[in-house]
Amino acid sequence: MTVNSDNAAARTPAGAAAGPAPVSGATDHRDGPWRDPGLAPGGRADALIAVMTLQEKISQLFGVWVGASDEGAEVAPFQHDMEEAVVLDDLLPHGLGQLTRPFGTAPVDPAVGALSLSRTQARIAAANRFGIPALAHEECLAGFATWGATAYPVPLSWGATFHPELIAEMATSIGRDMRSVGVHQGLAPVLDVVRDARWGRVEETIGEDPYLVGTVATAYVQGLESAGIVATLKHFAGYSASRAGRNLAPVAMGTRERADIILTPFEMAVRDSGVRSVMHAYTDTDGIPSAADRPLLTGLLRDTWGFDGTVVADYFGIAFLKTLHGVAGTFGEAAGAALGAGVDVELPTVKTFGRPLTEAIAQGLVPEALVDRAVRRVLIQKAQLGLLDADWGPVPAALVGAEGANGSAGGDPEALRGTVRLDSDENRALARRVAEQAVVLLRNDGILPLVAGAGAPARIALIGPNADAPTAVLGCYAFPVHVGGQHPGTPLGVELPTLREACAAEFPDCEIVTARGSDIDGPATDGFGEAVDLARSADLVILALGDRAGLFGRGTSGEGCDAENLALPGVQQQLLDTLLDAGTPVVVVLLAGRPYALGRAVEEAAAVVQSFFPGEEGTTAIASVLSGRTGPSGRLPVSVPRHPGSQPSTYLTARLGHSSDVSSVDPTPAFGFGHGLTYTAFEWSDLVVERGRASTDGEFTLSCTIRNTGAREGTEVVQLYLHDPVASVVQPVQRLIGYVRLDLDAGRAARVRVTVPADLSSFTGREGHRIVEPGDLELRLSASSTDARLTARVTLTGPVRTVDHTRRLHMSVQTEVLNDASRSGAP
């Protein structure tokens, strides 16, 4: 696949920025077979490697962390406390593999940043004797992480939609924006399966079920790659299974948990998505760090699954082999261990793949063949992106023809400022659709929706620390939180209506009064009195609770913001209980990065609405669900615990992980995985098992009717769980093997027919191989993991069958909307 890096109209610029001279005494190779786009990328890479020096090859294997200039000058190296200063003039004559986060390091106008990157790329290409530019990468966990770009919902909200097609559409939009300003690679999606919700990075995950994670992540990758962006699966593998949910803590799990839960989403994405990059995890599993795990990064990923893209380091992860893991005595040893395991690119900057690697090769400690292997993968990718083409030019699509661009060397930054918009009306509408479909209605005693008219409350008390906070909708990798917070006084870059503003717009005839009540995580309760007074004077309380995203302890959710338990941060539970005692109906609205135990609210709140950092349109989406303008259709991607300390709370566990008479700790959730209410009702009926007996290489077929029996349209998510009563190794009580969203008008019904391959019952057996066993199974057609509606008992016959990565991964689904008069089973 060849995807041209930068707009063809901008190729062969009129001038090139001055820079360091290419390697002295070496033959210039700006022309050669590797420039020919008609030659296969592998052939182009081989031709180039044949004429490169060792240092030139190594230089393609690392990045440099830079920040684009808001004055349009070339990028400047970004100094981090975990790295030494980088001098570009010393590096560029040999070439450069990557530029790290030129847009995501400091606030920069998108057009001016694109000019800055363009000038730098011209300098990089001019400085090395092959004219090869760098590959630029950025974060895109919840949208392009740069100033002024659309802030979409976080991945946990993607999972709540149970709608992969919508997530693919979102990813395509994100990818187009990134590509337009000269970015080539996105460091997303996260495929870590939640094993302990105390982990701070839960907001970055898609959920606690590997099938949900795999299908939604695959869709995201397909969208990103369709826009010409190299997607990156992370974190490979096991990061989310750290002990006690602590970031970067050791991982202790068996081979079956790793194979059947942790690795499954990665396997699905590698096979189905066309992904071109994978990032290793920071953690060690049973003493083996992922960055030095050859059986994982080469044996499984490449030799078994057939992945042929690049493996990139999580930031500073190779150096961590020495500094944190203690499995390397020097940075040269760390470089050799990572390279030998299968890591191709050091990010975010050069620390181990520079001089330490060069010296280790000179000493005979690391074979040069490992460098050749890695650089071939890197150059193939650059060929695919058009970065080796003879007519490559540095000016990205967003600047082509723009007044003030003037090729790569010239340009007027002030003329360009404000001309590139990365938060278009179309983007915002898409962000709103995702946010709306991700809102989960956990509880409702009938108070919602707040329909306008005589029944609407005249006075609403909007209370809580997230009631009037603009950034309450953002996760820790959204630019205003991730970077903007370090630049006080800088505008947010996008409009972030608060919940107060959204409710005022949604309920124009209501009087809305507000009080903070408490901070997110502070101990003060002196605001409780005002909150209670407002509550008692109102017809309804909307209580906005949850998290503040941040990094490394600067928030209650986010990277390095792990929780000791799943009680609401600070005194929020006390505030909630106090307002429940005030006597006015309370609708709890959660803007959070993880699920929390809600105490009395599970039984006593009038309603509970859950959202997981829903992005810039999130409060508008929540308000529209409260009013009923939008029907709630989200489903929980993670279980909501009943008690703060009953961890881990994932539904995906064996019998001994559930409630029992031999333990005083009850992990039964308040609301299970897959749960979500609507404003209508659905009847499930007419189960027909068309094929209930199959061989271990066969398939089952069953069907049922889903009818909307309510008075308004609604969405039902049909979830199929597999229960294996007797197996040769311990299995989870049940696990999700398929799902389908159904949008049905009032009174309408649909016939859903699923064909379930026996392969979906497979698991890792006693000998370490994935097998399909004969025996009885239950296929549970369910509204959630705690709400099975119809159960089909089926039987597999024949011998135990060994399967591999070529097995069938999905059930097939056929749906037919029935006419209003139809009440029977088969269509």
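Hydrogens, waters and symmetry mates are skipped; everything else that's a heavy atom, side chains included, is used. Counting from 1, the numbers follow the sequence of the chain as shown. All values reported here derive from a predicted model rather than from experimental measurement.
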Distance-only, no hydrogens or angles: does the [X] side chain make a donor-acceptor pair with backbone N or O of [Y] under 3.5 Å?
{"X": "R373", "Y": "L339", "value": "yes"}
{"X": "S116", "Y": "A68", "value": "no"}
{"X": "E616", "Y": "A151", "value": "yes"}
{"X": "E138", "Y": "V183", "value": "no"}
{"X": "R201", "Y": "G558", "value": "no"}
{"X": "K382", "Y": "P133", "value": "yes"}
{"X": "R44", "Y": "W34", "value": "yes"}
{"X": "E225", "Y": "R276", "value": "yes"}
{"X": "T298", "Y": "A341", "value": "yes"}
{"X": "T120", "Y": "V75", "value": "yes"}

Whether [Y] and [X] form a salt bridge (side-chain N of Lys/Arg under 4.0 Å from carboxylate O of Asp/Glu) is what I want to check.
{"X": "D177", "Y": "R421", "result": "no"}
{"X": "D372", "Y": "R377", "result": "no"}
{"X": "R428", "Y": "D423", "result": "yes"}

Straight-line distance of [X] [atom1] to [Y] [atom2], nearest 0.5 Å:
{"X": "K322", "Y": "L324", "atom1": "NZ", "atom2": "CG", "value": "10.5 Å"}
{"X": "K57", "Y": "L379", "atom1": "NZ", "atom2": "CG", "value": "10.5 Å"}
{"X": "L301", "Y": "F307", "atom1": "CG", "atom2": "CZ", "value": "5.5 Å"}
{"X": "E56", "Y": "I49", "atom1": "CD", "atom2": "CD1", "value": "12.0 Å"}
{"X": "I206", "Y": "S157", "atom1": "CD1", "atom2": "OG", "value": "11.5 Å"}
{"X": "H235", "Y": "H280", "atom1": "NE2", "atom2": "NE2", "value": "10.0 Å"}

Check your understanding: Which of these passes side-chain contact (heavy atoms from CB on, under 4.5 Å) with E169: I174, L430, V434?
Key ->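 The passing option is L430.
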
Practice item. Only one of I58, T358, V366 passes side-chain contact (heavy atoms from CB on, under 4.5 Å) with V371; say which it is. Key: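 Result for side-chain contact (heavy atoms from CB on, under 4.5 Å) with V371: I58.
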
Exercise for review: With side chain to side chain contact (heavy atoms under 4.5 Å, CB included) as the test, would you mind laying out the steps for K234 and D314 before giving the verdict?
Suggested key: CA-CA 9 Å; K234 61 185 192 182; D314 203 346; 6.0 Å; no

Residues [X] and [Y]: side-chain donor-acceptor under 3.5 angstrom:
{"X": "Q98", "Y": "Q185", "value": "yes"}
{"X": "E559", "Y": "Y477", "value": "yes"}
{"X": "S424", "Y": "N427", "value": "yes"}

Review point. Angle class for the F144/F103 ring planes (parallel below 30°, perpendicular above 60°, tilted otherwise)?
Key: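 Ring orientation of F144 relative to F103: perpendicular.
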
Side-chain heavy-atom pair [X], [Y] within 4.5 angstrom cut-off:
{"X": "P93", "Y": "N128", "value": "no"}
{"X": "Y220", "Y": "L224", "value": "yes"}
{"X": "F236", "Y": "L296", "value": "yes"}

Which atom pair, heavy atoms only, marks the closest approach of [X] to [Y]?
{"X": "G228", "Y": "L385", "answer": "O-CD2, 3.8 Å"}
{"X": "Q222", "Y": "D272", "answer": "NE2-O, 3.1 Å"}
{"X": "L191", "Y": "A217", "answer": "CG-CB, 3.7 Å"}
{"X": "E204", "Y": "L141", "answer": "CG-CD2, 3.2 Å"}
{"X": "F353", "Y": "V343", "answer": "CZ-O, 4.1 Å"}
{"X": "P189", "Y": "V221", "answer": "CD-CG2, 3.5 Å"}

Point to revise | Check against side chain to side chain contact (heavy atoms under 4.5 Å, CB included), T310 and V278 | key: CA-CA 6 Å; T310 57; V278 171; over 6 Å; no

Practice item. Under the side chain to side chain donor-acceptor pair (under 3.5 Å) rule, what do S69 and E74 come out as? Steps first, then yes or no, please. Key: CA-CA 6 Å; S69 166; E74 291 176 4; over 6 Å; no

Practice item. Name all pairs fulfilling the side-chain hydrogen bond (donor to acceptor under 3.5 Å, both in side chains) condition that reach into residues 101-112, sequence neighbours left out, sorted by first residue then second. Key: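 As it turns out, the side-chain hydrogen bond (donor to acceptor under 3.5 Å, both in side chains) pairs with a partner in residues 101-112, which skip direct neighbours, are W65-T105, R101-H482.
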
Review point. For R355, does the CZ atom sit with more than 12 other heavy atoms under 6.0 Å from it, leaving out its own atoms?
Key: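 Result for CZ/R355: open.
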
Review point. D89 and R123: salt bridge (charged side-chain N to carboxylate O under 4.0 Å, His left out), yes or no, with the steps?
Key: CA-CA 10 Å; D89 280 350; R123 179 188 179 196; 2.2 Å; yes

Review point. What's the verdict on side chain to side chain contact (heavy atoms under 4.5 Å, CB included) for E139 and F479, showing C-alpha distance, side-chain angles and the deciding distance?
Key: CA-CA 9 Å; E139 298 283 0; F479 188 86; over 6 Å; no

Review point. Yes or no on side chain to side chain contact (heavy atoms under 4.5 Å, CB included) for S173 and Y152, after CA distance, side-chain angles and deciding distance?
Key: CA-CA 11 Å; S173 179; Y152 291 92; 3.2 Å; yes

Review point. Can you name the residues that form a salt bridge (Lys or Arg N to Asp or Glu O under 4.0 Å) with R417, not counting sequence neighbours?
Key: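 R417: salt bridge (Lys or Arg N to Asp or Glu O under 4.0 Å) contacts with D70, E414.
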
Exercise for review: Taking salt bridge (Lys or Arg N to Asp or Glu O under 4.0 Å) as the test, write out the residues that go with E333, two or more places apart.
Suggested key: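 Per chain and number, E333 pairs via salt bridge (Lys or Arg N to Asp or Glu O under 4.0 Å) with no residue.
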
Point to revise | Stepwise salt bridge (charged side-chain N to carboxylate O under 4.0 Å, His left out) check, R302 with D308 | key: CA-CA 6 Å; R302 295 189 184 279; D308 60 1; over 6 Å; no

